[in-house]
Structure formats: structure tokens, C-alpha cells
Q: 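Submitted below is the structure of interest, expressed as C-alpha cells.
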Amino acid sequence: MNETTAHAHIQSGQQLQTGQQHPIRLYLFVWGLLFVLSAFSYMVDYLGLQGYLRWTLILLFMMLKAGLIVAVFMHMAWERLALVYAILLPPLLVLVFVALMVSEADYTIFTRLAFFGTGP
């Protein structure tokens, strides 16, 4: 093995050893937060909340849990901004388009009921 190949082999071995390490305390803290958010989500049902308040709280806790999982366990908090945008932006745009379709459907049904009546 010549000197250049040996040097490249040593560098590649060093790159493998210098990978990004996060403290276990961070993961344990996030697991604790996920447990607490899940407990809050179950408390919404236990307390018997109804209507928009119930669904708002459940969706809020679900989004917070999903954000923690994506940021920490998928390592999005430490990635380049371009990679984060490439992974997270398309689903976010799909959700925006779904919201637009829901509002359009509500407008369409309202218009049909206003002009054609409620009968068959």
C-alpha cells in the first residue's frame, strides 16, 4: 500500500469516528416530553372536553409530538436548511392545498344549498 492510499484510508477511518454524537440526556429529555404531551392528550379525553376545544388540543399535542420527533430523532435540528426544506416543505404544502380544498368544498356546498334548496 503506497503512502497516498494509506493516508486516504486513515482519513476515511477518522471521518467515521468523528460522527455527530448527541448526549443521551437530550434523548431522555425528549422522551420525557413526549410522555408528558401524550399524558396531556389523554387528559383531554379523561376530562371530557368536547367540541372545537377538544380537537384543537388533541391536534396541538399531536403536532408538538411530531415536531419533537422530526427535530430530534430524525436529526432535522442539526441538518442544513436546504435539506430541512426539501424534506418538510412538500408535506406542508400538501396540507395547505388540502385546507384550500376543504374551504372550496364548503363554499360549493353552501352555494348549492343557497341556489338549489335543501330538497332532492
Side-chain angles (χ1 to χ4, degrees):
M1 189 175 348
N2 62 20
E3 186 177 328
T4 307
T5 308
H7 183 67
H9 182 68
I10 291 171
Q11 280 185 342
S12 66
Q14 287 174 347
Q15 288 174 352
L16 291 176
Q17 293 175 356
T18 61
Q20 193 172 18
Q21 291 276 343
H22 304 294
I24 191 74
R25 190 184 82 160
L26 173 68
Y27 293 111
L28 293 175
F29 179 71
V30 171
W31 283 339
L33 282 177
L34 290 172
F35 179 77
V36 169
L37 289 172
S38 294
F40 286 163
S41 182
Y42 291 125
M43 285 298 291
V44 169
D45 283 333
Y46 182 75
L47 294 175
L49 299 175
Q50 296 295 321
Y52 286 120
L53 177 63
R54 175 184 183 196
W55 291 109
T56 302
L57 288 174
I58 288 174
L59 290 174
L60 175 73
F61 294 137
M62 285 173 45
M63 294 300 287
L64 287 173
K65 289 190 296 186
L68 276 172
I69 290 168
V70 168
V72 176
F73 295 115
M74 291 179 65
H75 302 279
M76 285 293 129
W78 299 282
E79 292 294 338
R80 288 188 211 147
L81 195 58
L83 183 62
V84 172
Y85 284 154
I87 292 173
L88 297 180
L89 196 59
L92 183 65
L93 290 176
V94 167
L95 287 176
V96 169
F97 291 139
V98 167
L100 288 172
M101 288 188 290
V102 167
S103 71
E104 180 68 23
D106 287 342
Y107 173 75
T108 302
I109 194 69
F110 173 73
T111 305
R112 287 181 180 173
L113 289 175
F115 287 105
F116 298 123
T118 57

Q: Quick one: which residue pairs count as a side-chain hydrogen bond (donor to acceptor under 3.5 Å, both in side chains) with a foot in residues 86-106, not counting sequence neighbours?
A: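 Output for this query is empty, none listed.
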Q: For the hydrophobic clusters of this structure (ILVMFWY residues joined by side-chain heavy atoms under 4.5 Å, transitively), does one cluster hold both Val96 and Met63?
A: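 No.
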Q: Quick one: which residue pairs count as a salt bridge (charged side-chain N to carboxylate O under 4.0 Å, His left out) with a foot in residues 26-36, not counting sequence neighbours?
A: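 Checked against salt bridge (charged side-chain N to carboxylate O under 4.0 Å, His left out) - neighbours excluded - no pair reaches residues 26-36.
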Q: Report yes or no: do Phe61 and Tyr52 belong to one cluster of Ile/Leu/Val/Met/Phe/Trp/Tyr joined by side chain heavy-atom distances under 4.5 Å?
A: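 In one cluster with Phe61: Tyr52, no.
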Q: When Ile, Leu, Val, Met, Phe, Trp and Tyr are grouped by side-chain heavy atoms lying under 4.5 Å apart, directly or through other members, which residues fall in the same group as Phe110?
A: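 Under the 4.5 Å side-chain rule, Phe110 groups with nothing.
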Q: Would you give me the side-chain donor-acceptor pairs under 3.5 Å for residues 28-47, sequence neighbours excluded?
A:
residue: Ser38; atom: OG; partner: Leu34; partner atom: O; Å: 3.0
residue: Ser38; atom: OG; partner: Lys65; partner atom: NZ; Å: 3.3
residue: Asp45; atom: OD1; partner: Arg54; partner atom: NE; Å: 3.1
residue: Asp45; atom: OD1; partner: Arg54; partner atom: NH2; Å: 2.8

Q: Supply the atom-to-atom distance Leu57 CG to Leu53 CG, rounded to the nearest 0.5 angstrom.
A: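 It comes to 4.5 Å.
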Q: Let me confirm one number: the CG-CZ distance from Leu26 to Phe73, rounded to the nearest 0.5 Å.
A: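 Here the rounded value is 8.0 Å.
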Q: So, taking the atom named CG in Leu95 and the one named CG in Leu100, what distance separates them when rounded to the nearest 0.5 Å?
A: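 Here the interatomic distance stands at 11.0 Å.
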Q: Who else is in Ile87's hydrophobic cluster (ILVMFWY, side-chain heavy atoms under 4.5 Å, direct or via others)?
A: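 Its cluster partners, ordered by chain and number, are Val70, Met74, Met76, Leu83, Val84, Leu88.
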Q: Which residues end up grouped with Tyr107 if you chain together Ile, Leu, Val, Met, Phe, Trp and Tyr wherever their side-chain heavy atoms are less than 4.5 Å apart?
A: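 So far as hydrophobic clustering goes, Tyr107 is joined with none.
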